[in-house]
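Below you'll find the structure, written out as structure tokens, and then a few comments.
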There are 2 protein chains.
Amino acid sequence: MTEARPVRPGPRRTLSEQVILDAALALLAELGADRVTIRGIAARAGIAPNAVYTYFPDKAAVLHGLAEQLLGRVHDKQAADSALPWRDRVHTVARDLRNELLAHPGSVHLLLGNSLDGQNARAIGAAMLVILADAGLAPDAAARAAHLFNVYLLGSVALETTDQVRATDQFLWGLDRLLDGLVPCAVTPRDHPGSG
Amino acid sequence: MTEARPVRPGPRRTLSEQVILDAALALLAELGADRVTIRGIAARAGIAPNAVYTYFPDKAAVLHGLAEQLLGRVHDKQAADSALPWRDRVHTVARDLRNELLAHPGSVHLLLGNSLDGQNARAIGAAMLVILADAGLAPDAAARAAHLFNVYLLGSVALETTDQVRATDQFLWGLDRLLDGLVPCAVTPRDHPGSG
DNA sequence: ACCTGAACACCGTTCAAGT
DNA sequence: ACCTGAACACCGTTCAAGT
């Protein structure tokens with residue numbers, strides 16, 4: 001017989017939070033938001049429904065993780081390029097986020113229903129703050145403006161999703177009105193801080 | 001025995017759509033959005049759950065009617081007063097709608113998830129168009145601006161609801177930035193059209 | 001036309017048990 | 001620690017039947 005070293009009871013890590021979130025994301029992309037159920041996720045991951053509760057306290061926690069998962073798919077290199085005009089950088093972030101949200105119908109309501117306090121959410125918010133600081137906004141104004149940006153992005157896509165229309169013109173028009181309203185807030189406007 | 005005149009089969013109109021929507025609204029106000037269920041509505045109305053389907057094809061239709069019901073509770077007299085500055089009139093509409101939505105947590109997601117094409121929704125939208133026209137916006141710009149207003153209002157309240165904060169300062173600040181961005185769109189600005 | 005009881009096919013979640 | 005089968009308390013919706 002083999003040596004009787006203390007065998008750990010049961011498999012140690014055949015699953016993980018990531019496996020569950022991957023299954024949830026696949027379900028969201030293929031079947032829509034209303035099909036993202038605990039039982040559906042478990043079935044796709046090949047486990048029993050209640051096994052999910054080993055990793056997440058409840059469904060809300062799974063959806064919160066799923067929202068974070070979605071934001072992680074957006075990486076903006078152009079947004080970080082401080083040599084570009086700040087309005088263009090905002091446009092880039094807005095377009096990329098909007099496209100990601102429109103690609104997964106229902107994901108907007110996911111973001112609107114969960115606090116955007118995860119790692120990826122904070123990263124995007126921080127990138128936005130940098131852009132707005134480069135635009136000349138004071139820290140508190142930049143924070144308010146970043147929130148305003150979130151409101152506009154999520155609100156726009158939510159209405160686009162329910163009304164079944166892709167109104168890119170309207171989206172960019174509203175974004176520009178919003179940026180126009182922010183311009184007077186810039187105390188030290190500088191388009192190319194790298195050259196100053 | 002009494003005369004055998006053709007008695008109509010069953011009670012003719014003991015219920016109505018309005019009774020069901022009233023029950024739904026009461027449930028929303030008292031127990032929250034997630035407790036607005038077909039079975040709950042029926043119980044409060046004193047009928048069997050499937051009786052609801054005599055008046056509405058499915059739950060989505062009930063919620064659509066409920067969204068309309070909510071908007072009907074907002075009546076703005078000040079918004080119609082063309083003697084007031086247009087920014088004040090917008091502020092009034094925004095404040096009243098926001099207060100109504102915050103009073104019923106979950107109602108925001110109700111509005112965001114249903115097309116705002118009902119009678120009350122159109123009335124509010126029309127009032128907004130009048131204000132924006134008085135502000136000097138051309139019809140197409142006014143239409144875009146009205147949509148922008150919807151996006152901002154619903155997006156703001158949605159984020160306020162999920163983050164459990166009532167940030168009135170932030171709300172008004174963002175609204176003003178938005179209105180600032182609209183000012184250049186006014187081709188024929190006139191504050192008091194009644195005096196012209 | 002309007003309402004009912006009963007059933008169907010689902011949910012999220014919990015519990016006791018097994019490794 | 002991790003996973004399972006079974007159950008509980010719900011859902012929305014449909015169907016056949018009654019008035």
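Just so you know, these numbers come straight off a predicted model, no measurement behind them.
A stem is defined here as three or more consecutive Watson-Crick or G-U pairs, each with both distances under 3.5 Å; for DNA chain C these stems are C:4-8 with D:12-16, C:12-16 with D:4-8.
Residue whose closest nucleotide on DNA chain C sits further toward the 5' end, between A:R35 and A:P57: A:R35.
Here D:dG12 is the nucleotide among C:dT13, C:dT4, D:dG12 with the atom lying nearest to any side-chain atom of B:T37. Set against C:dT4, C:dT13, C:dC3, the side chain of B:Y55 has C:dC3 as its closest nucleotide. Listed nucleotides: C:dT4, D:dT13, C:dT13. Nearest to the side chain of A:I38: C:dT13. Between C:dC3, D:dC3, D:dT13, one nucleotide has an atom nearer to the side chain of B:T54 than all others, and that is C:dC3. Of the candidate nucleotides C:dG12, D:dT13, C:dC3, D:dT13 has the atom lying nearest to any side-chain atom of B:K59. Residue B:R39 has its side chain nearest to D:dT13 when only C:dG12, D:dC3, D:dT13 are considered. Here C:dT4 is the nucleotide among C:dC2, D:dT13, C:dT4 with the atom lying nearest to any side-chain atom of B:I47.
Residue A:R35 qualifies as open at atom CZ: its count of foreign heavy atoms under 6.0 Å is 12 or below. Atom CD of A:Q18 sits in a crowded spot, with more than 12 heavy atoms from other residues, nucleotides or ligands closer than 6.0 Å.
Nearest heavy atoms, B:D22 versus B:Q69: OD1-NE2, 3.2 Å. Nearest approach of B:G72 to B:N120, heavy atoms of both residues: CA-ND2, 3.3 Å. Scanning both residues, A:L132 and A:A146, for their nearest heavy atoms gives CD1-N, 3.6 Å.
A salt bridge does not link A:D96 to A:R73: none of the charged side-chain nitrogens sits closer than 4.0 Å to a carboxylate oxygen. A salt bridge between B:R87 and B:D176 is present, with a side-chain N of the basic residue lying under 4.0 Å from a carboxylate O of the acidic one.
Regarding A:L31, its CG atom lies at a distance of 15 Å from the C1' atom of C:dC10, rounded to whole Å. D:dT14 atom P lies 16 Å from atom CZ of B:F56, rounded to whole Å. Per the geometry, CD belonging to B:E17 stands 15 Å off P belonging to C:dA1, to the nearest Å. Rounded to whole Å, atom C1' of D:dA7 lies 14 Å from atom OH of A:Y53. The interatomic distance linking B:I41 (CD1) with D:dT13 (P) rounds to 11 Å, in whole Å.
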